[in-house]
Amino acid sequence: MSTTVVKPAKTTREEFSSIIGTMKALVYHGPGKKSWEQKPKPTILEPTDALVRILKTTICGTDLHIMKGDVPDVVEGRIIGHEGVGIIEETGSAVSNFKKGDHVLISCITSCGKCEYCKRGMYSHCEKGGWILGHLIDGTQAEFVRIPYADNSLYPIPAGSDEEALVMLSDILPTGFECGVLNGKVQPGSSVAIVGSGPIGLAALLTAQFYSPAQIIVIDPDDNRLEVAKKFGATHLINNAKENVIEKVMEITGKGVDAAIEAVGIPVTFEICASIVAPGGTVANIGVHGKSVELHLEKLWSHNITITTRLVDTVTTPMLLKTVQSKKLDSKKLITHRFALNDIMKAYDTFQNAAREKALKVILTNE
Ligand SMILES: NC(=O)c1ccc[n+]([C@@H]2O[C@H](COP(=O)([O-])OP(=O)(O)OC[C@H]3O[C@@H](n4cnc5c(N)ncnc54)[C@H](O)[C@@H]3O)[C@@H](O)[C@H]2O)c1
Ligand SMILES: [Zn+2]
Ligand SMILES: [Zn+2]
């Protein structure tokens, strides 16, 4: 006589969470305080929502600003994060572009697609959305996230795509491209300066090369970051902690640069941009500024310059997605560290000490 031993089916952590309606998430608890903790799993609240299971996410410099308490709109208890790729778990009744099981790229900007700003391609100022994810509503540093206006705020990705590379498209690539390169009107033969060689400055550096500018000067006080910029295609490097940046730019260009892209967000870097822009050129500001800056109109009034500001709209995401998928743009180069989503506290440690750890972007995988 034989007996059949029935092995109990193993329940994965994810299945377990889903059964009991909870998940793990990174929660902001006021300046300097965060924890990786159990939270209720989000549910569909509006017919236009989708529930997405996170596959990969990352940490942004803006999340560090939030952690410091620089973004007072973020309330205690908020799950943060605004980047990632995932799989649709459930859709509201009005979602028509996506269904359960679809792989999607999450945009850092939520957009209804219908309001006056959305119709003008200014998703960043969507009357019902904009930058809300991981800011005014719970974000992507979690096992699941609710995405409002899913039809317009998610992008389909074919299964089998390099999903790590695509995480760079949620925020940093469209930001560098739209706020820096497009607003800076980079042209074939242009001279471009990028002040700040962090992930955003480097995203501007990579995407500026779509237009074959003659010179791309990258300026940063961190030699390691300058080294990375060199590998990514910078033609000139200036360490402004050691060299006189204005003299050096004039030596290289003769007249200043056609596009001065600010990718730091402090007064001194904006002032550098205003000092190195050539007559007829553009200062394209990307940095998030917390303090006022001095604008020397007494010098600039006659120089025919343009100054632009922009919150990323992510309207170029479909185009950038094609360039990444066709390997014209190697966004994976921006990733330096990888962690399991469960180890997000360690990942924050690394990202917070970016200079020491030589970190650019970290990838967190929900295993
Ligand atoms: N406009 C938008 O929609 C938008 C979107 C995302 C991020 N941002 C902002 O873009 C900025 C850059 O983001 P990031 O993630 O690359 O930041 P980051 O902090 O990782 O990088 C900033 C870089 O600037 C360099 N730097 C510091 N002081 C400098 C100085 N005096 N001169 C030259 N370089 C200096 C640092 O060494 C670093 O390499 C931040 O202000 C961020 O908040 C804006
Ligand atoms: Zn961001
Ligand atoms: Zn809208």
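Note that the coordinates shown come from a computational prediction; the quantities given were computed from them, not determined experimentally. Counting starts at 1 for both ligands and their atoms, in listed order.
Atoms of ligand 1 found under 4.0 Å from any heavy atom of Ala263 (numbered from 1 in listed order, with element): 11 (C), 12 (C). Against a heavy-atom cut-off of under 4.0 Å, Thr175 is close to the following atoms of ligand 1: 2 (C), 4 (C), 5 (C), 6 (C). Within ligand 1, counting atoms from 1 as listed, the ones closer than 4.0 Å to a heavy atom of Leu311 are 3 (O). Every atom of ligand 1 is numbered from 1 in the order shown, and the set under 4.0 Å from a heavy atom of Arg310 is 1 (N), 2 (C), 3 (O).
Scanning the protein heavy atoms around atom 3 (O) of ligand 1, the nearest turns out to be Val312 N, 2.9 Å. Considering only non-hydrogen protein atoms, atom 17 (O) of ligand 1 sits nearest to Pro199 CD, 4.6 Å. Among protein heavy atoms, atom 18 (P) of ligand 1 sits closest to Arg225 NH1, 4.1 Å. Scanning the protein heavy atoms around atom 34 (N) of ligand 1, the nearest turns out to be Pro221 CD, 3.2 Å. What sits closest to atom 43 (O) of ligand 1 on the protein, heavy atoms only, is Val288 CG2, 3.2 Å. Scanning all protein heavy atoms for the shortest distance to atom 39 (O) of ligand 1 gives Asp220 OD2, 2.7 Å.
At a cut-off of 3.5 Å, with distance as the only test, a side-chain donor of Glu262 or Thr269 sits close to an acceptor on the other residue. For the residue pair Glu83 and Thr58, no side-chain donor N or O sits within less than 3.5 Å of a side-chain acceptor on the partner. Under 3.5 Å, the side chains of Ser96 and Asp151 contain a donor-acceptor pair of N or O atoms. Defined by atom type and a distance below 3.5 Å, a donor-acceptor pair is present between the side-chain atoms of His103 and Glu163. Glu37 and His29 share a side-chain donor-acceptor pair at under 3.5 Å.
Ion pairing between Glu89 and Lys41 holds under the 4.0 Å rule for side-chain N and carboxylate O. A salt bridge between Lys99 and Asp102 is present, with a side-chain N of the basic residue lying under 4.0 Å from a carboxylate O of the acidic one. Salt-bridge annotation for Glu227 and Lys231: absent, with no side-chain N of the basic residue lying under 4.0 Å from a carboxylate O of the acidic one. Here Lys248 pairs with Glu243 in a salt bridge; the nearest charged N to carboxylate O distance falls below 4.0 Å.
Atom NZ of Lys255 has more than 12 heavy atoms from other residues, nucleotides or ligands within 6.0 Å.
A heavy-atom distance below 4.5 Å is found between the side chains of Met168 and Ile363.
No part of His289 comes within 4.0 Å of ligand 1, judged by heavy-atom distances. With a 4.0 Å heavy-atom cut-off, ligand 1 is reached by the backbone of Ile200 and by its side chain too.
Looking at Ile286 next to ligand 1, an N or O pair under 3.5 Å apart turns up. Between Asn240 and ligand 1, at least one pair of N/O atoms sits closer than 3.5 Å.
Atom 21 (O) of ligand 1 has its nearest heavy-atom neighbour, among Gly198, Pro267, Gly201, in Gly198. Of the candidates Asn285, Thr269, Leu64, the one placing a heavy atom closest to atom 30 (C) of ligand 1 is Thr269. For atom 41 (O) of ligand 1, the choice among Val264, Ile272, Thr314 with the nearest heavy atom turns out to be Val264.
Distances from the Zn ion (ligand 2) show that Cys60 has an N/O/S atom below 2.8 Å. Residue Asp171: an N/O/S atom is found under 2.8 Å from the Zn ion (ligand 2).
Rounded to 10 degrees, the SG-metal-SG angle spanning Cys118 and Cys126 at the Zn ion (ligand 3) equals 100°.
By the 4.0 Å heavy-atom criterion, Ser197 is counted among the residues contacting ligand 1.
The aromatic rings of Phe210 and Phe177 stand perpendicular to each other, their planes meeting at an angle above 60°, with 30° marking the opposite boundary.
Note that Lys333 lies in the cation-pi zone of Phe232, set by a 6.0 Å cut-off to the ring centre and a 45° limit from the axis.
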